[in-house]
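To start, the structure itself, in structure tokens.
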Amino acid sequence: MGRVRRKHSGSSFEDMGELHQRLREEEVDADAAAVEDDDGEFLGMKGFKGQLSRQVADQMWQAGKRQASRAFSLYANIDILRPYFDVEPAQVRSRLLESMIPIKMVNFPQKIAGELYGPLMLVFTLVAILLHGMKTSDTIIREGTLMGTAIGTCFGYWLGVSSFIYFLAYLCNAQITMLQMLALLGYGLFGHCIVLFITYNIHLHALFYLFWLLVGGLSTLRMVAVLVSRTVGPTQRLLLCGTLAALHMLFLLYLHFAYHKVVEGILDTLEGPNIPPMQRVPRDVPAAIPAARLPTTVLNATAKAVAVTLQSH
């Protein structure tokens with residue numbers, strides 16, 4: 001009986017030890033789980049930061065890719081315009097000469113140059129000639145500069161009239177494109193450059209009107225003949241060609257007289273063709289005048305002479 005009790009008490013002691021060991025293992029397991037949870041939270045935060053950095057890197061890559069594509073597309077657009085300026089100097093020279101020779105065959109559409117190098121150079125040449133005319137005539141621009149006014153006038157006429165005539169051509173069912181219209185009107189400015197270059201340096205009205213009719217008229221007839229060959233119907237031809245001829249010839253008159261008035265005034269003053277000669281006015285000067293009253297008497301006589309001259313005019 002005593003052995004049984006001793007054995008029972010020993011087993012109870014062992015059970016208490018095992019229970020205590022289990023409790024300690026459970027505490028260790030709980031601490032390990034807590035550490036793992038903390039590590040998981042840390043790794044999750046670190047993973048979120050990594051994902052955010054990857055998104056920023058992707059956005060930067062996409063932005064760089066878009067900029068590169070834009071630069072490539074700009075180069076591609078410039079490459080598209082290259083054929084319109086790829087022309088030999090001999091071809092430009094021949095087209096300049098042809099712009100002064102009217103064509104006779106208008107039964108079939110005439111060929112128009114499809115390049116913009118020659119017209120653009122002619123517009124810049126006209127800008128330089130107009131600027132020279134402004135400087136020699138002492139033109140004063142209240143708003144803007146001489147260079148800006150010359151560029152705006154020449155390019156405004158080239159682009160504006162080309163667009164307007166192209167719109168009329170569309171209404172009149174003429175077979176011409178905007179590029180061809182720009183080339184046709186641009187080469188038509190060759191006559192304007194010749195006339196203005198000569199008449200800005202040689203100030204003779206008769207010479208200007210002669211060159212205006214001959215040189216300006218030949219370049220205008222060339223453009224009119226090309227439009228006639230590409231338009232069907234007498235009414236449409238009259239409307240389209242008459243509008244172009246009037247605008248082209250009047251623009252030459254405008255360029256000559258708009259910035260030439262000061263030069264004309266100086267020449268008229270120097271030459272004096274319309275100024276009547278000074279009329280002599282008899283003045284009665286006493287033979288003996290005291291020296292003290294001589295300046296006063298002379299001034300009174302001069303004032304009377306000026307008054308009589310003004311009344312005569």
Side-chain angles (χ1 to χ4, degrees), residues 93-104 118-119 121-141 146-147 149-158 160-162 164-165 184-228 238 240-279 312-313:
R93 183 173 60 251
S94 63
R95 288 168 183 171
L96 289 176
L97 296 177
E98 290 175 357
S99 66
M100 303 297 299
I101 302 174
I103 58 176
K104 297 181 180 180
M121 292 300 104
L122 282 172
V123 174
F124 279 117
T125 304
L126 186 62
V127 168
I129 295 173
L130 184 59
L131 186 62
H132 169 69
M134 289 180 178
K135 289 182 178 180
T136 55
S137 62
D138 295 335
T139 302
I140 299 175
I141 305 298
L146 296 179
M147 179 65 74
T149 303
I151 292 176
T153 302
C154 298
F155 275 91
Y157 171 77
W158 181 44
V161 175
S162 297
F164 179 67
I165 297 299
L184 182 64
L185 187 63
Y187 276 109
L189 293 175
F190 181 58
H192 287 35
C193 293
I194 295 175
V195 175
L196 293 177
F197 179 75
I198 295 175
T199 56
Y200 276 161
N201 295 285
I202 303 175
H203 308 289
L204 293 175
H205 290 298
L207 182 65
F208 167 73
Y209 287 119
L210 179 63
F211 276 88
W212 178 67
L213 289 174
L214 291 179
V215 181
L218 288 175
S219 62
T220 304
L221 285 177
R222 170 74 182 191
M223 294 190 298
V224 167
V226 172
L227 285 180
V228 167
L238 181 61
L240 184 61
C241 299
T243 304
L244 177 61
L247 291 175
H248 201 63
M249 297 296 286
L250 290 176
F251 181 65
L252 183 55
L253 285 175
Y254 169 76
L255 292 180
H256 178 76
F257 287 105
Y259 309 105
H260 205 55
K261 294 180 180 179
V262 179
V263 174
E264 292 174 357
I266 294 173
L267 291 176
D268 291 339
T269 303
L270 296 177
E271 297 175 358
N274 300 323
I275 298 177
M278 294 294 294
Q279 298 178 357
S312 64
H313 286 286

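These values consider heavy atoms only, across backbone and side chains, with no hydrogens, waters or symmetry-generated copies. These numbers come from a predicted model, not from an experiment.
- At least one donor-acceptor pair closer than 3.5 Å links the side chain of Arg222 to the backbone N or O of Ile101.
- We find the CD1-CG distance between Ile198 and Leu204 to be 11.5 Å, quoted to the nearest 0.5 Å.
- Ring geometry, Tyr209 versus Trp212: the interplanar angle exceeds 60°, so the pair is classed perpendicular (tilted spans 30 to 60°).
- Distance check, rounded to the nearest 0.5 Å: CE of Met249 to OG1 of Thr220 gives 5.0 Å.
- Note that CG of Leu96 and CD1 of Ile194 are 8.5 Å apart. Values are rounded to the nearest 0.5 Å.
- A distance of 6.0 Å separates NE2 in His256 from NE2 in His205, rounded to the nearest 0.5 Å.
- Considering only heavy atoms from C-beta on, Val195 stays 4.5 Å or farther from Leu214 through its side chain.
- Shown here is Phe197, whose CZ atom has no more than 12 heavy atoms of other residues, nucleotides or ligands within 6.0 Å.
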- Take Ile202 and Phe211 through the test side-chain contact (heavy atoms from CB on, under 4.5 Å) and record every step on the way to the result. CA-CA 12 Å; Ile202 303 175; Phe211 276 88; over 6 Å; no

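- Annotation for Met147: atom CE does not count as buried by contact number, only 12 or fewer foreign heavy atoms lying within 6.0 Å.
- The minimum heavy-atom distance between Cys193 and Ile129, with the atom names listed, is O-CD1, 3.5 Å.
- Looking at heavy atoms from C-beta onward, Leu218 lies out of side-chain contact with Phe190 at the 4.5 angstrom threshold.
- Closest approach of Gly186 and Leu122 over heavy atoms only: O-CD1, 3.2 Å.
- Within the 4.5 Å cutoff, side-chain heavy atoms of Phe124 are placed close to those of Phe155.
- Tyr157 and His248 share a donor-acceptor pair across their side chains, judged by distance under 3.5 Å alone.
- What you find for Ser219 and Met100 is that their closest heavy atoms are CB-SD, 4.1 Å.
- How far CG of Leu221 is from CD1 of Ile103: 10.5 Å, rounded to the nearest 0.5 Å.
- Counting heavy atoms from C-beta outward, Leu247 and Phe251 have side chains that stay 4.5 Å or more apart.
- Considering CD1 of Ile151 and CG of Leu130, their distance stands at 10.5 Å, rounded to 0.5 Å.
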- Evaluate the side-chain contact (heavy atoms from CB on, under 4.5 Å) criterion for residues Val123 and Leu189: first the C-alpha distance (whole Å), next the side-chain angles of each, then the deciding distance (0.1 Å), finally the verdict. CA-CA 7 Å; Val123 174; Leu189 293 175; 3.8 Å; yes

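- Of all heavy-atom pairs between Gly216 and Leu252, the closest is CA-CD2, 4.4 Å.
- Side-chain contact between Thr153 and Trp158: absent, with no pair of heavy atoms (C-beta onward) separated by less than 4.5 Å.
- Looking at every heavy atom in both residues, Ser162 comes nearest to Leu185 through OG-CD2, 3.1 Å.
- Of all heavy-atom pairs spanning Gly118 and Tyr187, the tightest one is CA-OH, 3.6 Å.
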